[in-house]
Q: 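Just dropping this structure here.
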Amino acid sequence: MHDGHDDVFDKLREECGVFAIYGHPEAANVTYLGLYALQHRGQESAGIASGTGREIICRKAMGHVADIFKPEVLAQLPGHMAIGHTRYSTTGDSKMLNAQPFSVTCHKGPIAVAHNGNITNAAELRRDLEADGSIFQATSDTEVILHLMARSRERTLAGALREALLQLEGAFSLVLVAADQLIVARDPHGFRPLAMGQMELSEHRIGYVFASETCAFDLIGAVYRSDVEPGEMVIVGPRGVTRERYAPKRALAHCVFEHVYFARPDSLVFGRPVQQSREAMGRLLAIENPVDADVVVPVPDSGVAAALGYAAESGIPFRQALIRNHYVGRTFIEPSQAIRDFGVKLKLNPVRHLLEGKRVILVDDSIVRGTTSRKIVRMVRQAGAKEVHMRISCPPTVSPCFYGVDTPDKQQLIAANSTIDEIRRFVEADSLGYLSLGGLADAVNDHNRDFCNACYTGVYPTELVQIDTLHTEKPDLG
Ligand code: AMP
């Protein structure tokens with residue numbers, strides 16, 4: 001472990017969802033549904049690669065899953081196995097180039113790969129590969145994995161992948177489809193989730209499915225069986241399923257922010273219901289930060305489960321006094337600054353009669369820059385609230401994430417540069433309270449210290465490698 005520094009390397013921005021299926025006659029169609037359920041994990045681009053046993057076909061584009069995968073596009077994706085990816089990133093003109101899956105043909109045959117997470121030594125590996133003659137098409141670190149595999153002298157594809165993965169540092173939940181098999185793997189710290197499930201098919205056949213979150217299984221009628229273990233590789237092929245540990249055991253570092261914000265509340269993440277964690281966060285927040293008030297109001301949707309917990313614990317009534325327009329994307333995730341500023345009004349509208357003359361406890365999951373929170377506090381006050389008490393269901397976000405969550409650089413993180421009272425004044429709340437680190441650990445049941453809390457502590461569970469200066473453009477490592 002070591003302390004993170006602002007200038008450790010350029011901030012890599014990436015939020016993604018992955019899906020994979022083996023043994024289903026309509027693998028691409030099911031992958032489409034899986035990605036549809038994982039849309040919240042990335043709304044910039046999406047892609048599906050399917051395999052027929054002989055060839056791999058890949059289709060990807062910018063935009064939302066349902067807009068990209070029209071019936072005529074899905075019809076171009078035959079086969080009984082497929083992988084899929086949804087992606088969000090903020091930087092680079094080459095966004096389409098970096099859309100996943102990446103599909104190539106090398107001496108191991110045709111392969112397509114996609115992953116969720118950031119590989120923290122990707123730039124270093126890429127520099128070495130380039131010095132050795134490799135030519136890169138994009139700036140995504142998925143491509144680094146493909147080059148490492150292509151150079152491997154291992155005989156089997158799984159062997160080549162194992163050799164590649166052992167050179168990686170950081171976070172990855174990876175899905176790969178090859179001519180006759182599907183392979184998924186998770187980094188040894190288990191930063192990002194990857195669940196494994198089964199689907200009953202006709203004639204007593206079973207399909208195997210993998211997804212970032214179990215909400216994808218619910219939609220397709222699959223049953224969650226287990227997580228792909230940190231440091232584990234699962235190979236599914238004509239001869240069945242093989243699970244093997246490819247890397248030595250490392251300290252676990254599950255991303256706690258998945259439970260705080262990122263995952264859907266109807267998912268199991270790291271084997272635990274997200275809704276349960278969020279309600280517990282709200283209850284503990286109420287115990288740690290009580291205040292006399294008339295109503296508990298969530299910032300939808302991110303604050304709903306925690307607000308329910310806060311209301312239940314405090315006995316103060318829960319009121320949905322901010323209504324969200326669901327047809328607008330999450331404003332934070334919109335790449336354009338212009339839309340972000342405008343976004344709060346597009347997204348939220350107050351229910352005036354629930355707020356007029358009331359002392360309001362406003363519950364949200366996090367404050368990042370503070371700008372959205374300030375607009376919401378103003379909106380609630382303009383709707384007639386007498387007092388606005390802001391409660392946040394995690395500790396102050398003081399350090400960027402290098403493992404696959406899009407938190408901004410330290411300069412832009414309000415809690416990295418201000419005291420809690422300064423933040424309170426900035427967001428214009430009458431009071432402000434955060435959940436403590438201990439409270440968060442209790443809420444996610446982290447008795448064994450299995451979670452990464454780097455965004456709240458600045459203590460990173462892996463070495464962070466300096467990005468070289470060869471790239472003039474800010475790298476957008478996928
Ligand atoms: P702000 O007040 O501008 O810091 O925005 C806070 C809002 O951003 C909260 O409602 C959070 O739910 C949301 N948020 C925090 N982290 C992220 C993220 N990585 N992606 C999208 N939204 C986020």
Side-chain angles (χ1 to χ4, degrees), residues 11-17 38-44 86-91 116-118 171 191-192 255-265 274 278 281-282 285 297-307 322 324 328-337 339-348 362-380 388 390-418 420 422-429 432 434-435 452 454-456:
K11 176 69 178 65
L12 317 177
R13 297 168 198 281
E14 180 83 11
E15 290 176 349
C16 304
L38 297 174
Q39 184 73 82
H40 62 289
R41 296 184 70 88
Q43 291 120 58
E44 193 187 66
T86 61
R87 175 175 195 267
Y88 165 70
S89 84
T90 53
T91 50
N116 168 213
N118 282 323
F191 280 104
R192 308 254 67 93
C255 170
V256 78
F257 197 62
E258 292 274 355
H259 276 268
V260 170
Y261 169 81
F262 198 49
R264 265 174 44 165
V274 173
R278 289 191 189 154
M281 288 169 206
L285 183 61
V297 173
V299 174
D301 293 329
S302 50
V304 171
L322 288 170
R324 178 171 168 185
V328 185
R330 292 196 301 199
T331 56
F332 190 89
I333 224 145
E334 284 289 345
S336 132
Q337 181 64 37
I339 292 175
R340 179 184 298 150
D341 288 345
F342 183 46
V344 174
K345 271 195 195 151
L346 274 181
K347 191 169 94 168
L348 295 177
L362 196 60
V363 180
D364 203 355
D365 70 289
S366 54
I367 297 179
V368 182
R369 295 178 177 84
T371 47
T372 310
S373 304
R374 171 156 76 176
K375 286 175 193 163
I376 296 171
V377 172
R378 277 185 189 167
M379 182 183 274
V380 170
V388 184
M390 186 119 203
R391 293 295 179 269
I392 302 297
S393 61
C394 69
T397 307
V398 294
S399 239
C401 177
F402 297 105
Y403 307 114
V405 170
D406 177 36
T407 42
D409 303 330
K410 219 164 180 166
Q411 307 90 277
Q412 294 176 56
L413 285 173
I414 189 166
N417 306 295
S418 323
I420 296 202
E422 285 166 346
I423 303 170
R424 180 195 66 75
R425 268 183 277 144
F426 181 83
V427 301
E428 300 174 358
L432 171 64
Y434 286 88
L435 183 63
C452 172
C455 50
Y456 309 124

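Both ligands and their constituent atoms are indexed starting at 1 by order of listing.
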Q: Please list, in number order, the atoms of ligand 1 under 4.0 Å from a heavy atom of T372.
A: 1 (P), 2 (O), 3 (O), 5 (O)
Q: Should R369 be counted as touching ligand 1, given the test is an N or O pair under 3.5 Å?
A: yes
Q: Find out whether D365 and F262 are in side-chain contact, i.e. whether some heavy atom of one side chain is under 4.5 Å from a heavy atom of the other.
A: no
Q: Not counting sequence neighbours, which residues clear side-chain hydrogen bond (donor to acceptor under 3.5 Å, both in side chains) with Y403? List them please.
A: T462
Q: Can you tell which part of F257 has a heavy atom less than 4.0 Å from ligand 1: side chain, backbone, both or neither?
A: side chain
Q: Looking at non-hydrogen atoms alone, which of C455, S366, G370 comes nearest to atom 15 (C) of ligand 1?
A: S366
Q: With respect to E15, determine whether any N or O atom, backbone or side chain, lies less than 3.5 Å from an N or O atom of ligand 1.
A: yes
Q: Out of the candidates E44, E15, Q43, only one should pair with R87 under the side-chain contact (heavy atoms from CB on, under 4.5 Å) rule; please name it.
A: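 Of E44, E15, Q43, side-chain contact (heavy atoms from CB on, under 4.5 Å) with R87 is met by E44 alone.
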Q: Is ligand 1 under 4.0 Å from a heavy atom in the side chain of S302, in the backbone, in both, or in neither?
A: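 Side chain only.
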Q: Do NZ/NE/NH1/NH2 and the carboxylate oxygens of E258 and R41 come within less than 4.0 Å?
A: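 Salt bridge between E258 and R41, a charged N being under 4.0 Å from a carboxylate O: yes.
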Q: Can you list the ligand 1 atoms lying under 4.0 Å from a non-hydrogen atom of D364?
A: 9 (C), 10 (O), 12 (O)
Q: Would you say V368 has any N or O atom under 3.5 Å from an N or O of ligand 1, going by distance alone?
A: yes
Q: Check D365 against ligand 1 and report side chain, backbone, both or neither, counting heavy atoms closer than 4.0 Å.
A: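 The part of D365 near ligand 1 is the side chain, not the backbone.
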Q: Are side-chain heavy atoms of L413 and V368 found at a separation under 4.5 Å?
A: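 Result yes, sub-4.5 Å side-chain heavy-atom pair found.
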Q: Please round to the nearest 0.5 Å and tell me the distance separating atom CG of D364 and atom CZ of R391.
A: 13.5 Å
Q: Among P298, S302, P300, whose side-chain contact (heavy atoms from CB on, under 4.5 Å) with R324 holds?
A: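 So the option named by the test is P300.
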Q: To the nearest 0.5 Å, tell me how far I420 CD1 sits from R425 CZ.
A: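 Taking CD1 in I420 and CZ in R425, the distance rounds to 13.0 Å.
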Q: Show the atoms of ligand 1 that are less than 4.0 angstrom away from any heavy atom in D406.
A: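 Close to D406: 19 (N).
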Q: Which is it for T371 and ligand 1 at heavy atoms under 4.0 Å: side chain, backbone, both or neither?
A: both
